[in-house]
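Below you'll find the structure, written out as structure tokens, and then a few comments.
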Amino acid sequence: MAIIETEAALHEAHRDNHTHRDVNGGWLRPAVFGAMDGLVSNLALMTGVAGGAVSHQTIVLSGLAGLSAGAFSMAAGEYTSVASQRELVEAELDVERRELRKHPKDEEAELAALYAARGVEPELARAVAEQLSRDPELALEIHAREELGIDPGDLPSPLVAAVSSFGAFALGALLPVLPYLLGATALWPAVLLALVGLFLCGAVVAKVTARSWWFSGLRQLALGGAAAGVTYALGSLFGTAVG
């Protein structure tokens with residue numbers, strides 16, 4: 001009885017500790033990329049404009065324009081990209097569906113050969129392939145996973161990707177503008193808030209990807225700070241040249 005209870009506890013612990021995050025939902029990559037891009041691009045835009053020695057109203061207008069243009073551009077790009085990828089996958093699934101309908105025995109033999117190549121005994125591989133092929137939708141799902149490396153029931157959503165990208169970019173791009181909207185007239189509060197946001201974004205991403213939070217945060221801080229510094233220098237150079 002004690003052995004059975006111990007095994008049950010081990011199985012329960014394994015089940016609780018063996019869950020995985022959703023890596024194919026279509027929201028994480030555009031959200032992360034959108035927030036980072038919003039922060040870096042709008043911070044760089046605003047510091048570049050500020051380097052030209054313009055008024056703070058011009059900097060605010062540039063930041064708001066960058067937020068709007070970037071958010072819509074990111075959303076449109078993500079929607080088109082994910083929709084095109086999904087359409088390509090669905091076209092390949094249609095090809096596989098037709099093959100299963102026209103040549104079921106050949107597809108069954110193909111599946112059996114695949115299992116046999118992975119070490120399953122040939123007779124058992126044929127029996128498994130035969131049993132799995134009885135359900136056309138199940139057979140399609142298995143062939144898609146084995147041959148194409150995709151799950152037909154877990155395709156990314158273009159709308160989810162677009163909305164995630166739009167919201168994340170707008171939120172990231174808002175940070176450098178926020179101090180000006182709250183009454184600041186100098187550039188340094190916007191830069192400081194944006195750099196803090198970059199570090200926090202990097203740290204949050206590390207929590208999702210199991211990387212070191214401080215390394216990820218400092219890396220994003222360094223990249224964003226370098227972009228802002230370079231564009232400020234270029235803005236100063238161009239502003240002097242134009243003036």
Side-chain angles (χ1 to χ4, degrees), residues 21 25-79 160-243:
R21 292 182 285 266
W27 66 270
L28 180 60
R29 184 189 64 83
V32 171
F33 181 71
M36 296 295 188
D37 192 34
L39 264 169
V40 174
S41 65
N42 222 28
L43 174 62
L45 172 64
M46 292 173 65
T47 53
V49 172
V54 298
S55 65
H56 78 276
Q57 289 91 346
T58 303
I59 299 174
V60 174
L61 180 60
S62 299
L64 292 175
L67 185 158
S68 301
F72 281 108
S73 176
M74 286 287 293
E78 281 295 335
Y79 186 91
V160 170
V163 171
S164 300
S165 181
F166 182 93
F169 186 99
L171 183 61
L174 179 64
L175 282 184
V177 187
L178 192 58
Y180 284 103
L181 297 179
L182 295 177
T185 57
L187 179 64
W188 69 264
V191 173
L192 180 61
L193 182 59
L195 292 178
V196 171
L198 284 168
F199 180 84
L200 291 177
C201 279
V204 168
V205 170
K207 288 294 184 180
V208 176
T209 60
R211 289 291 301 261
S212 171
W213 66 269
W214 60 266
F215 174 80
S216 183
L218 289 176
R219 178 179 61 184
Q220 197 58 42
L221 175 63
L223 292 173
V230 169
T231 53
Y232 183 86
L234 291 174
S236 300
L237 179 63
F238 295 151
T240 303
V242 172

May I ask you to test the [X]-[Y] pair for a side-chain heavy-atom distance under 4.5 Å?
X: Val163; Y: Glu78; answer: no
X: Leu223; Y: Val40; answer: no
X: Tyr79; Y: Ser165; answer: no

What are the two closest heavy atoms between [X] and [Y], and how far apart are they?
X: Ser41; Y: Phe169; answer: OG-CZ, 3.6 Å
X: Ser62; Y: Asn42; answer: O-OD1, 4.4 Å
X: Leu67; Y: Ala170; answer: CD1-O, 3.7 Å

message: Rounded at 0.5 Å granularity, tell me how far CD in Gln220 sits from CG in Leu195.
response: 11.0 Å
Side-chain donor-acceptor distances from residues 183-193 under 3.5 Å, at least two apart:
none

message: Quick check on Phe199: does its CZ atom have over 12 non-hydrogen neighbours (other residues, nucleotides or ligands) under 6.0 Å away?
response: yes
- request: Please check if the side chain of Ser216 supplies one atom and the backbone of Ser212 the other of a donor-acceptor pair under 3.5 Å.
  value: no
Pair up each side-chain donor or acceptor in residues 44-59 with any protein partner under 3.5 Å, not counting sequence neighbours, and list the distances.
residue: Thr47; atom: OG1; partner: Leu43; partner atom: O; Å: 2.9
residue: Thr47; atom: OG1; partner: Ala44; partner atom: O; Å: 3.0
residue: Thr47; atom: OG1; partner: Ala228; partner atom: O; Å: 3.2
residue: Thr47; atom: OG1; partner: Thr231; partner atom: OG1; Å: 3.0
residue: Ser55; atom: OG; partner: Thr58; partner atom: N; Å: 3.4
residue: Ser55; atom: OG; partner: Thr58; partner atom: OG1; Å: 3.0

Phe215: ring-ring contact (aromatic ring centres under 6.0 Å, His included) partners, not counting sequence neighbours: none
